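Some notes on the structure that comes next.
In what follows, chains carry the letters A, B, and so on, assigned in the order in which the sequence lines appear, proteins first and then strands, with residues in each chain numbered from 1. Everything numeric in this text was worked out from a predicted model, so none of it was measured.
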There are 2 protein chains.
Amino acid sequence: METVVAELEMEECLALLARTKLGRLGFVRKGRPMILPVNYAFDGDVIVFRSGPGGKQSNVPLRRVAFEIDGVDEESGTGWSVVVQGHAFEITHTIDRTSAARRMLPIEPMAPGNRDHWIEVIPEVITGRRIVTA
Amino acid sequence: METVVAELEMEECLALLARTKLGRLGFVRKGRPMILPVNYAFDGDVIVFRSGPGGKQSNVPLRRVAFEIDGVDEESGTGWSVVVQGHAFEITHTIDRTSAARRMLPIEPMAPGNRDHWIEVIPEVITGRRIVTA
């Protein structure tokens, strides 16, 4: 069985980010790496998700995070993943029009409870790859 | 639509770790959080995966990592996730019998190429939850 790995073009990474709903946020909490699944939206520029208090964010205005999505295309039998590295900002109370628009994005957090915190992740590096098994 | 979140019992976390093949490793590289998907095996105690040189590991003998799996049970319409926090060790050249046995675990890395490095993750904290939509 031969496998070939291909780097994804930026356009394809963005398309996958736009049509996926569940991703995983990687961050450092108390000096330790942590990963949590989040339902998110991608407006073409930033990743937006909602979080409960003290959960996936803190009051630190700017912090480094990673964000990952992956999946399998059943028809083609290929696996793919997209990894974003960037900065997370809380936009719950920001008053600029862009933030206000982002707080209108349709995001359905899977988990119940208070999800009043809006967080955006501004990508700095986006990479993706696809693994094709021939 | 009502959703209820339930913490998973340890036994269920371990069962999910044992029957899943694809997880995501969270770690810090050059001071920045990173997430990469990995194919892995779980022998009941530790998570084992294979990595290429300089990829998901370094020569640091002990480092903190996170590891996450998630999925959806189609029949029950519930989402679940398990998150492990622990330490990663390279066991490529360790000569104890346990390491040797772990290097026999059946792991098929999705990506092609040199995957000669064997890494184990020793869990310190394992948590899991299931989200039920009623």
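- Between B:Ile35 and A:Gly26, the shortest heavy-atom contact is CD1-N, 3.3 Å.
- Nearest heavy-atom pair across A:Ala66 and B:Pro33 is CB-O, 3.4 Å.
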| Pair B:Val83-A:Met34, side-chain contact (heavy atoms from CB on, under 4.5 Å): steps then yes or no | CA-CA 8 Å; B:Val83 176; A:Met34 184 64 186; 3.6 Å; yes
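- B:Val28 and B:Val38 fall into different hydrophobic clusters, where Ile, Leu, Val, Met, Phe, Trp and Tyr side chains are chained together by heavy-atom contacts under 4.5 Å.
- Rounding to the nearest 0.5 Å gives a distance of 8.0 Å between CD1 of A:Ile131 and CG of B:Asn39.
- Listed here is the closest heavy atom pair of A:Gly31 and B:Arg64: O-CD, 3.9 Å.
- Clustering ILVMFWY residues whenever any of their side-chain heavy atoms sit less than 4.5 angstrom apart, transitively, puts B:Met10 in a cluster other than the one holding B:Val125.
- Inter-residue side-chain proximity for B:Glu68 and A:Glu68 is flagged as unmet; no heavy-atom pair is nearer than 4.5 Å.
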